[in-house]
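Step one of this worksheet: look at the structure below.
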Amino acid sequence: VLGRFVAGWTGADGAIDRIVAVGGGAAQERSLRLQATILGRPLATLASDEGAAIGALRLAAIAIHGDPPMAACARFPVPVVRTWPPGPAA
């Protein structure tokens, strides 16, 4: 179900390139591989473990400054440490 939900999301160019994992689950390699496969999208982890705080900061930029969502993300970038591609469909 979640994979179909994510498949319906669209970004500025009509597709989502990557999903970023944050929180405790972002430390579990097996979980990340499984999530990437279920979602059918690459799953990335960040160089900082403050992903939730950075997400809140981006939402505040959208609300306060009227930034478009992609501009808010560009304003507060976080380097990606590693990306897990989706595995083969079962």
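Computed from heavy atoms alone, side chains included, the values below leave out hydrogens, waters and symmetry copies.
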Subject >> Shared-cluster residues of I64, by chain and number - hydrophobic side chains joined below 4.5 Å >> reply: none
**OP:** Not counting sequence neighbours, list each pair that qualifies as a side chain to side chain donor-acceptor pair (under 3.5 Å) and has a residue in residues 59-74.
**Re:** D67-R75
Subject >> Set of side-chain contact (heavy atoms from CB on, under 4.5 Å) partners for S31, sequence neighbours left out >> reply: Q28, Q35
Subject >> Residues in side-chain contact (heavy atoms from CB on, under 4.5 Å) contact with L59, at least two apart in sequence or another chain >> reply: I62
**OP:** Could you pull out the closest heavy-atom pair between P86 and G40, with the gap in Å?
**Re:** CG-C, 3.8 Å
Subject >> Residues in side-chain contact (heavy atoms from CB on, under 4.5 Å) contact with A26, at least two apart in sequence or another chain >> reply: A21, T45
Subject >> salt bridge (Lys or Arg N to Asp or Glu O under 4.0 Å) against E29, all qualifying residues, sequence neighbours excluded >> reply: R33, R82
Original post:
With a 4.5 Å heavy-atom cut-off, do L39 and I19 have their side chains touching?
Top reply: yes
Subject >> Separation between CH2 of W84 and CG of L32, rounded to the nearest 0.5 Å >> reply: 5.0 Å
Original post:
How close do V81 and A47 get, heavy atom to heavy atom, and via which atoms?
Top reply: CG2-CA, 3.1 Å
Subject >> Heavy-atom pair with the smallest gap, counting every atom of T83 and A44 >> reply: OG1-CB, 3.8 Å
